Amino acid sequence: MRLSSLLIVFASFATAALLSLVAASFSADLIEDSSQRSVKRELDARGLDWTEVYAEGLQVFLAGVAPSEADRFKAMSAAGGIVDAARVIDNMQVEAAADIAPPRFSVEILRNDAGISLIGLIPIGADRADIVDRMIDLAGRPNVTDLLETAEYDTPRGWNTALRFGLSALDILPRAKVSVQAGAVSVTAMADSPEARRGLEAQLLRRAPKDMRLDLDISAPRPVITPFTLRFVIDENGARFDACSADSEKARVRLLTAARAAGLTGSAECTIGLGVPTPSWAEAAEMAMAGLAELGGGVVTFSDADIKLVASPGTDQPLFDRVVGELESGLPDVFALNSTLPPLPDTNESGPITPEFTATLSPEGLVQLRGRLPDDLTRQTTESYAKARFGGEHVHMAARIDETLPANWPVRVLAGIDALAQLDSGALEITPDAVSLAGRTGNANTSAEISRMLAEKLAQNDEFSIDVRYVEELDPVAALPTSEECIAGLQAIQTDQKILFEPGSGTLDASAAQIIDAVAGQLRECPGLPLEIQGHTDSQGRESMNQALSQTRAQSVLSALQDRRLLTSNIVARGYGETRPIADNGTEEGREANRRIEFVLISPEAGAGDAADAATDGADTPDNTATDGTAQSGKPAAPAEDGAHPPDTPHDDADAEETGTESTPNDTN
């Protein structure tokens, strides 16, 4: 009985323990399921359905691949809002980020009188020291500020080409900002005059590689225009400006628009300058040109605030009176209008011969003065003034005295000669009624300059006409030779003679001075020409000696050009040794042809961007060049001949004869 009681008590405790264990297990499963469902529901509600949730005891595990670190943090925060954050275990991963894109490499180069500043980010492969050294050569070490940073990324395509051009542009730009990017250069600069601006633009455009974008913004100070002049003509040849001045870009557009409405066709120039007499200049000019168009022909001339309107002979008198009346009442108060309606010429009336004075300027610069002058003092003054303008040996005086001429005749003559001096060739005619000038010029602004000059010097009631034609061939900027013409000129210099050196060395022979002078003269006509001076040898002697000698001789030619004060920042010297023969090295004639100096245009290879950099890397890699020298020089390249020289034989006599392109057979240096 006693044993049974003990068993019953033990069984009761065992049963209670088992029931407790079962209850605890069910409670734990219930808590896990509840936590897992609640957390999953919250994550899905927030759009984080990429997460995987499972619970183990009191801990809640989050798994899955988060799109970003931010999404991973959102999932942890959402789960921590449902259960204790300490119970949330992070087993999530984040998607691998894409490779970081390389930075945008760019360099801003600022140059002014105080020095040069370099600002920007360049690739690690760029030669930073070389960039800084080139700027030190231009401005001096204390005046160069280096603020460049580098990034360890590959050099982008077109970077070296653009950087090389940007640095070389500073040679001719004393005040400028040059912005360099891969494949593009932007130049902002200030020129001393419009002519200097055109010259800089021509040089930079000629230097620019074909596969690089170049943006130019070169400004010149606005000229002071005195008197502020506008002259608009409508005749049988149509409508045109003899002179046009504006005080702003907006005014220029207004004037050109009004001129086209009055019948102007084609392009026209209108100079923006300082000196406008009133802000209402454009408004008055618009009204005057519209009135002239309504009259059907004539000339309207503005000289500061004075306006002279001359209608075509035969214009209807009532129409003339109405148009002039509307102008007088509509013009701003500051302007004064002088209007004239010339009568029709009477062809039946006979009378005395009209006196005249003529001056002709030939293309060779010879000046003939004929016609009538009022007295001997005026004749002496006219001749002296013409000699001062054109040169004493070029003037021939053949004018006679006529004391009946008008009082203002001498002023007209001197003003006309002054205007004629602005032309390359032309003719001046002065009559009691008008001053007429016609001719050719190489400056597109000459007609406007002459109009201002005559308007200032002649009386207000003096009529004048201008027929000046711009000829591009006479423009010193437009007439600059092309790169191909420059190379052809350099080759022509060496057609009958060549550059000689002292035997066995890279020292120029005394006879080479004349050829170098001719080469320097040709290069001065081709400013900014990117050029490679190439030295070549035959295959006799050791290859290393041939290479060194060819480099030394090419460098000697470059140094000789520098001694002649020629800018050579765009010229490199390179020796190619025996690697580029143009003839058979097995014959004396072939070896003679292979010993030469060539001038070759540097042009970056299309799509290669960095290939032209080899032109500045020295002479130890002759095949890695920026240009196909033989193709540019017009000579086909022949393959180098192996075994053409003994391995250890010094190249003395034969190689000492190596000289310029198309060498003469009797060269024995």
Side-chain angles (χ1 to χ4, degrees), residues 192-196 199 223-227 229 231 242-243 303 353-460 462-471 473-477 479:
D192 294 329
S193 65
E195 292 76 15
V224 177
I225 302 174
T226 175
T229 308
R231 181 176 171 86
D242 279 346
S303 179
I353 299 175
T354 302
E356 66 176 12
F357 173 85
T358 62
T360 58
L361 172 62
S362 71
E364 296 77 23
L366 302 178
V367 178
Q368 297 281 344
L369 305 177
R370 297 186 177 89
R372 305 185 186 189
L373 294 171
D375 51 55
D376 188 59
L377 177 60
T378 301
R379 182 165 59 183
Q380 294 178 15
T381 302
T382 301
E383 184 177 8
S384 299
Y385 188 68
K387 288 181 177 179
R389 297 293 291 170
F390 301 100
E393 68 280 8
H394 296 144
V395 177
H396 174 67
M397 169 61 77
R400 69 182 184 88
I401 304 299
D402 183 354
E403 297 179 353
T404 65
L405 296 173
N408 63 349
W409 196 269
V411 175
R412 289 174 153 198
V413 169
L414 295 180
I417 291 175
D418 205 15
L420 183 65
Q422 311 301 314
L423 305 179
D424 289 270
S425 62
L428 167 71
E429 181 181 280
I430 299 175
T431 66
D433 297 325
V435 175
S436 301
L437 182 68
R440 306 192 312 160
T441 178
N443 185 345
N445 297 322
T446 297
S447 180
E449 293 293 335
I450 292 175
S451 293
R452 280 192 285 271
M453 184 185 304
L454 295 180
E456 179 183 18
K457 296 182 178 180
L458 299 181
Q460 185 176 359
D462 284 341
E463 297 182 15
F464 61 90
S465 63
I466 301 171
D467 183 13
V468 174
R469 183 164 57 93
Y470 170 73
V471 180
E473 290 77 7
L474 301 176
D475 192 331
V477 174

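This structure is a prediction, so every number in the text was calculated from the model and none was measured.
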**Study point:** All pairs passing salt bridge (Lys or Arg N to Asp or Glu O under 4.0 Å) where residues 419-433 contributes a residue, at least two apart
**Key:** none
**Study point:** Pairs touching residues 443-452 that satisfy salt bridge (Lys or Arg N to Asp or Glu O under 4.0 Å), sequence neighbours left out
**Key:** E449-R452
List the atom of [X], the atom of [Y], and the distance in Å for their closest heavy-atom pair.
X: P374; Y: I401; value: O-CG2, 3.5 Å
X: L423; Y: A438; value: CD1-O, 3.9 Å
X: A399; Y: F357; value: CB-CE1, 4.3 Å
X: P363; Y: S425; value: N-CB, 3.8 Å
X: S447; Y: I466; value: OG-CG2, 3.9 Å
X: P355; Y: L405; value: CB-CD2, 3.6 Å

Judged by atom type as modelled, is there a donor-acceptor pair below 3.5 Å linking the side chain of [X] to the main-chain atoms of [Y]?
X: S384; Y: T381; result: no
X: T431; Y: E356; result: no
X: R400; Y: L373; result: no
X: T446; Y: A444; result: no

Exercise for review: Take I430 and V413 through the test side chain to side chain contact (heavy atoms under 4.5 Å, CB included) and record every step on the way to the result.
Suggested key: CA-CA 7 Å; I430 299 175; V413 169; 3.8 Å; yes
Point to revise | Basic-acidic side-chain contact under 4.0 Å: E383, K387 | key: yes
Side-chain contact, heavy-atom cut-off 4.5 Å: [X] with [Y]?
X: D418; Y: I450; result: no
X: Q422; Y: M453; result: yes
X: V367; Y: T360; result: no
X: L428; Y: T358; result: no
X: E463; Y: V435; result: no
X: T382; Y: L369; result: yes
X: Q368; Y: R370; result: yes
X: W409; Y: T378; result: no

Point to revise | side chain to side chain contact (heavy atoms under 4.5 Å, CB included) between L458 and R412, intermediate numbers included | key: CA-CA 7 Å; L458 299 181; R412 289 174 153 198; 4.0 Å; yes
Exercise for review: Go through the steps for F390 and L366 under the test side chain to side chain contact (heavy atoms under 4.5 Å, CB included), then give the verdict.
Suggested key: CA-CA 8 Å; F390 301 100; L366 302 178; over 6 Å; no
Find the distance between [atom1] ([X]) and [atom2] ([Y]) and round it off to the nearest 0.5 Å.
X: Q380; Y: D375; atom1: CD; atom2: CG; result: 9.5 Å
X: L420; Y: L437; atom1: CG; atom2: CG; result: 6.0 Å
X: L414; Y: K457; atom1: CG; atom2: NZ; result: 8.5 Å

Check your understanding: Is E403 atom CD crowded by more than 12 heavy atoms from other residues, nucleotides or ligands, each under 6.0 Å away?
Key -> no
Practice item. Go through S436 and S465 one step at a time and tell me if the side chain to side chain donor-acceptor pair (under 3.5 Å) criterion holds. Key: CA-CA 5 Å; S436 301; S465 63; 3.1 Å; yes
